[in-house]
There are 2 protein chains.
Amino acid sequence: MSTPAAAAAGPEDNWLRLDSQICFSLQAASRAFNGVYRVILKDLGLTYPQYLVMLVLWEEGELPVKKLGEHLRLDSGTLSPLLKRLESAGLVRRERSARDERSVEVRLTEEGTALRERAVRVPRRIVAATGLDLAEIGELRERLDQLTTALDTAARQEELGDAR
Amino acid sequence: MSTPAAAAAGPEDNWLRLDSQICFSLQAASRAFNGVYRVILKDLGLTYPQYLVMLVLWEEGELPVKKLGEHLRLDSGTLSPLLKRLESAGLVRRERSARDERSVEVRLTEEGTALRERAVRVPRRIVAATGLDLAEIGELRERLDQLTTALDTAARQEELGDAR
DNA sequence: CACAACTCAGTTGTGCACAACTAAATGGCT
DNA sequence: AGCCATTTAGTTGTGCACAACTGAGTTGTG
């Protein structure tokens, strides 16, 4: 009872702590990843989200902002300024689609395509930084994807339940 | 060879994909958590990082900004504006320490202490949203903490290795 | 005492995430 | 053709993360 706020530790308090631990651990891991990427991607002049965009473009060739957002689970509010920065860095071009004037096609420039050569060494360093082998990574990834699905579903239901 | 960028798929490309999957899965899970918290914490008028700060304060009573940052792995650049918002919401007070004028003590107001009563129901809903039992959560948490440690170590070493 | 090294909070600037909104274009419908 | 719901980017505003820096305060050393 030395600290007033910590008084009356009931069974609910154990929940309080456990909860903070799982989400906190997750965010800590996410930020730690970000830190490693920051260091490794500095040479390429990319941030981590920009790197993800480039990964998709290197795989898909060219595609509209909408599709890009679906791949990365990001909306235009995040992608528009990000893509502008990539464009002013000379890595991509953005052009209104001729078929559908609402749509903007994002495609790689020569420079953007060339950057791929320097990026292929990144993943190996990242995997090494995790200290895990491929099987462990796959397993963890699967758990996380399940968790994400469960959380997304729950969030939708909470929102509906909140329709007061 | 239909899409130029995806041509010449060598062994390096598998790495490229795997890599993006593990970090991407992690970030997706982190954002999904954020989404659930956003919905659940809306009633309390807190964002998720603000909730974390309150959790620490409810447990520790009062403490300087520095200690708070150590608990949460956040620096003053993040905490200062966040704490100002909590202060203007009437949940905390910030006072220069008398013993050490450099330090700022953060402590709960009556209102901030009272909010705890309404927050105790949050963790149960979060755990329910994950669809996991406590053992699974503990296991996943442990894996993530190990991963974070490995990544932090690697980032430090990469930075040193970058001392070119 | 004087002075250098350090500590701590705060500020500034950049970039990301997301909600809410705007505006243009599209396509279906009558 | 005219109308309207939908789709698509973009803009604005809020909040967080972090690097780099400032400036006040503290501590150790000669």
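Here is how names work: the chains are called A, B, and so on, in the same order as the sequence lines, proteins then strands, and each is numbered from 1. Values reported hereafter were calculated over all heavy atoms of this structure, with side chains retained and with hydrogens, waters and symmetry mates removed.
Across all strands shown, the partner of dG30(D) is dC1(C), judged by Watson-Crick or G-U wobble contacts whose two distances both fall under 3.5 Å.
Atom pair Arg38(A):CZ and dC16(C):P shows a separation of 11 Å (rounding to whole Å applied). One can place CD of Glu101(B) at 23 Å from P of dC6(C), the figure rounded to the nearest angstrom. Atom CZ in Arg96(A) sits about 15 Å away from atom P in dA23(C), given to the nearest Å. dA17(D) atom P lies 12 Å from atom CG of Leu68(B), rounded to whole Å. Regarding Asn34(A), its CG atom lies at a distance of 13 Å from the C1' atom of dA19(D), rounded to whole Å. A straight line from CG of Leu63(A) to C1' of dT8(D) spans 14 Å, rounded to a whole angstrom. Going from atom CZ of Arg102(B) over to atom P of dT27(D) covers 6 Å, rounded to whole Å.
Only Thr47(B), Pro49(B), Gln50(B), listed by number, bring a heavy atom of residues 46-54 of chain B to less than 4.0 angstrom from any atom of DNA chain D.
Each of Arg31(A) and Ala98(B) was assigned the nucleotide of DNA chain D with the nearest heavy atom; the assignment lying further toward the 5' end belongs to Arg31(A).
Across all strands shown, Thr78(A) has heavy atoms under 4.0 Å from base atoms, whether or not it also approaches the sugar-phosphate. Within 4.0 Å of Glu105(A), counting heavy atoms only, lies no atom of the nucleic acid at all. Among the atoms of the strands shown, none is found under 4.0 Å from any heavy atom of Lys67(B). Looking at heavy-atom distances under 4.0 Å, Pro64(A) makes contact with sugar-phosphate atoms alone, never a base. Nucleic acid contact for Leu79(B): none, since no nucleic acid atom lies under 4.0 Å from a heavy atom of the residue.
Applying the 4.0 Å criterion to OP1 and OP2 of dG10(D), one finds that Ser80(A) has a side-chain N or O inside that range.
For Phe33(B), there are no ring pair (Phe, Tyr, Trp, His ring centres under 6.0 Å) partners at least two apart in sequence or on another chain.
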